[in-house]
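Computed from a prediction, not measured in an experiment: that's the story for all the values here.
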Amino acid sequence: MAGAGSRTTRAVLHVDLDYFFAQCEERENPSLKGRPVVVCVYSARGGDSGAVSTANYVARGHGVRAGIPIALAKRRLRGVDAAFLPVNRGLYEAVSQRIMAILRRHADRFEQVGIDEAYLDVTRRVDGDFERARELAQRIKAEVSAEEGLTCSVGVGPNKLVAKMAAGSRKPDGLTVVTLEKVPDFLSPLPAGELYGVGAKTEKRLGELGIKTVDDLSKYDAAGLIEVFGKSFGLYLHRASRGIDDTPVQERGMATQISRITTLGEDTRDPDAIMEAVRHLSRAVHAGAAEQNLRFRSVALIAVTDDLKLHTRSKALDGPTDDLEVIAEASEGLLNRFLSEVTGPKVRRVGVRLSGLEKGKGQRKLTEFGKTSH
DNA sequence: GTATGCTTTCGGC
DNA sequence: TTACGGCCGAAAGCATAC
């Protein structure tokens with residue numbers, strides 16, 4: 001075999017911690033086991049105002065899902081011995097960090113995605129052997145269970161796309177191996193909407209083209225897809241439907257954006273009332289950036305109106321800065337601009353977002369570490 | 001015509 | 001009967017630069 005550009009099929013694992021927030025709560029309080037557990041984000045409006053963040057599988061059996069209103073979840077669990085708990089992010093962060101450390105030591109290359117998912121490229125350590133990859137996945141599940149008491153679902157595949165979909169195909173506590181040879185069998189029968197990257201909108205447009213399944217999609221003319229969906233997404237659909245994905249497993253650097261959003265005490269268009277919240281959010285988001293020693297090049301105002309539509313207005317700054325005053329000034333201007341441009345609805349939620357992040361003064365980039373001393 | 005950067009929206013959990 | 005969070009990353013859509 002010539003050189004590092006090996007022709008060996010990659011072996012990639014996707015690890016997904018099951019119903020993560022709710023499972024953390026079960027671990028802290030074992031008496032919750034067997035009962036519906038609903039982890040909620042309560043807004044500042046009091047009562048049951050807010051939405052469900054995560055529910056365990058018992059609660060899901062009653063139709064309770066992430067994103068539904070808390071009041072609706074309570075209705076669906078009326079007369080059932082359910083637990084409604086507020087989110088405890090600090091707990092989940094701590095559990096996540098310890099589990100990610102376990103996963104990392106089993107990977108040639110590691111990529112954490114969000115708080116509860118990770119990709120592991122294990123090609124070298126299993127020598128491209130999917131049976132060994134399955135054994136490794138089993139060992140990882142056993143370690144996470146023994147050390148942290150949590151279950152996870154693992155997918156093994158020849159790339160990230162297939163590994164991710166394999167993990168999703170059997171939950172919770174699943175282990176699904178899809179070898180290169182089995183990729184067509186695995187993907188073809190799935191509804192097109194289950195392909196990673198295909199949401200409700202794309203599924204509908206595919207349906208109008210007569211494409212119902214991933215198999216239909218894989219047989220559709222590539223040029224036709226590009227015509228309908230554009231070069232980038234059209235090509236992605238064509239390749240994904242065939243289980244082709246060559247994106248590498250690689251460590252993610254720093255965050256790309258930091259935002260803070262809150263629900264107002266009542267829906268309003270009063271600039272003073274909204275500005276009070278915006279000032280508070282500006283300080284919060286500034287603190288978030290300072291904590292990671294990040295500067296930013298863009299400030300955005302986020303507004304959710306009483307029709308639950310999301311709006312944003314953003315401003316690119318002259319250069320990177322870490323100045324709170326810049327955030328406060330920009331967000332005030334953006335709020336005024338939004339209120340003059342969107343004149344109908346009242347504002348329900350408001351937020352401030354920083355993007356174009358980079359390391360602050362005196363910080364070397366993460367990628368530069370380790371390159372100087374040898 | 002393509003690359004790049006900025007603004008806005010979308011979707012997952 | 002209605003009900004409705006707080007994040008994140010990715011990508012679409014557009015304007016401008018080369």
Side-chain angles (χ1 to χ4, degrees), chain A residues 16-24 38-45 47-56 60 64-76 78 86-89 92-93 96 111-117 164 168 171 193-203 205 228-237 247 252-264 267 277 281 284-285 288 296-318 330 334 337-338 341-342 348-357:
Chain A
D16 193 337
L17 303 173
D18 298 321
Y19 60 100
F20 182 54
F21 294 179
Q23 204 185 176
C24 287
V38 186
V39 178
C40 303
V41 185
Y42 291 96
S43 81
R45 294 198 173 184
D48 290 334
S49 175
V52 171
S53 181
T54 321
N56 69 358
R60 291 183 201 187
V64 174
R65 305 258 182 287
I68 70 170
I70 296 167
L72 176 58
K74 289 206 165 168
R75 211 182 107 113
R76 293 193 174 160
R78 204 161 38 195
V87 286
N88 180 358
R89 271 213 160 249
Y92 317 142
E93 297 278 1
S96 171
E111 177 177 351
Q112 180 174 344
V113 182
I115 196 172
D116 63 350
E117 291 179 30
K164 163 104 179 156
K171 284 182 175 182
E194 286 187 25
L195 191 64
Y196 181 73
V198 177
K201 263 182 141 164
T202 304
E203 185 176 22
R205 289 169 71 192
V228 176
F229 294 100
K231 186 173 165 186
S232 168
F233 191 48
L235 190 61
Y236 169 80
L237 289 173
T247 60
R252 300 213 173 175
M254 56 198 184
T256 64
Q257 56 178 241
I258 296 176
S259 64
R260 293 294 181 269
I261 184 165
T262 192
T263 301
L264 300 171
D267 298 355
L281 291 161
V285 85
F296 43 91
R297 287 195 302 268
S298 179
V299 176
L301 181 97
I302 304 161
V304 177
T305 40
D306 55 10
D307 52 10
L308 297 182
K309 285 179 91 157
L310 176 83
H311 310 260
T312 61
R313 294 293 184 272
S314 70
K315 177 179 169 54
L317 307 174
D318 295 335
L334 290 164
R337 190 183 134 204
F338 168 75
E341 287 176 2
V342 180
R348 179 182 179 88
R349 300 163 65 199
V350 67
V352 176
R353 181 175 65 215
L354 306 179
S355 59
L357 302 180

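- A:Arg89 comes within 4.0 angstrom of nothing in the nucleic acid, heavy atoms only.
- In A:Lys315, the NZ atom is not crowded: 12 or fewer heavy atoms of neighbouring residues, nucleotides or ligands sit closer than 6.0 Å.
- Within 4.0 Å of A:Gly197, counting heavy atoms only, lies no atom of the nucleic acid at all.
- Nearest heavy atoms, A:Ile261 versus A:Val304: CD1-CG2, 4.4 Å.
- As judged by a 4.0 angstrom heavy-atom cut-off over every strand, A:Arg60 is placed among residues making no nucleic acid contact.
- Within the 4.0 angstrom heavy-atom criterion, only backbone atoms of the sugar-phosphate kind lie near A:Asp116; the bases stay farther away.
- Of the side-chain N and O atoms in A:Thr312, none sit less than 4.0 angstrom from OP1 or OP2 of B:dT7.
- Residue A:Lys309 is classed as having no contact, given no heavy-atom separation below 4.0 Å to the nucleic acid.
- Applying the 6.0 Å contact sphere to CZ of A:Arg45 captures more than 12 heavy atoms from other residues, nucleotides or ligands.
- Look at CD on A:Glu341: it is 10 Å from P on B:dT9, rounded to the nearest Å.
- Taking both residues in full, the closest heavy atoms of A:Gln257 and A:Ser355 are given as CB-CB, 4.2 Å, listed atom of the first, atom of the second, then distance.
- Going from atom CD of A:Gln23 over to atom C1' of B:dC13 covers 15 Å, rounded to whole Å.
- Base engagement by A:Arg349 is indicated by at least one non-hydrogen atom pair under 4.0 Å involving a base atom.
- Backbone-only engagement by A:Ala316 is indicated by non-hydrogen atom pairs under 4.0 Å involving sugar-phosphate atoms exclusively.
- In this structure, NZ of A:Lys171 is placed 10 Å from C1' of B:dG12, rounded to the nearest angstrom.
- When all heavy atoms of A:Thr262 and A:Ala277 are compared, the closest pair comes out as CG2-CB, 4.4 Å.
- Along DNA chain C, the nucleotide nearest to A:Thr256 and the one nearest to A:Ser53 differ in position, and the one closer to the 5' end is contacted by A:Ser53.
- For the pair A:Val41 and A:Ser53, the tightest heavy-atom approach, listed with the atom from each and the gap, is CG2-CB, 4.0 Å.
- One atom, OH of A:Tyr196, and another, P of B:dG12, lie 9 Å apart when rounded to the nearest Å.
- Going from atom CD of A:Gln112 over to atom C1' of B:dC13 covers 14 Å, rounded to whole Å.
- Contacts of A:Ile68 with the nucleic acid, taken as non-hydrogen atoms under 4.0 Å apart, are absent.
- Rounded to the nearest Å, the gap between the P atom of B:dG12 and that of C:dC4 is 22 Å.
- Of the N and O atoms on the side chains of A:Ser49 and A:Ser43, at least one donor lies less than 3.5 Å from an acceptor on the other residue.
- Across the protein-nucleic acid pair, A:Arg353 atom CZ and B:dC6 atom P stand 14 Å apart, rounded to whole Å.
- Annotation: A:Asp307, atom CG; neighbour count of heavy atoms from other residues, nucleotides and ligands within 6.0 Å is above 12.
- Taking every nucleotide of DNA chain C with any atom under 4.0 Å from a non-hydrogen atom of chain A, the first and last of them, 5' to 3', are C:dT1 to C:dA12.
- If you check every strand for non-hydrogen atoms under 4.0 Å, A:Ala300 touches nothing.
- What separates CZ of A:Arg297 from P of B:dT7 is a distance of 11 Å, to the nearest Å.
- Heavy atoms of A:Gly114 sit nowhere under 4.0 angstrom from any nucleic acid atom.
- Counting to the nearest Å, the C1' atom of B:dT9 and the CD atom of A:Gln257 are 12 Å from each other.
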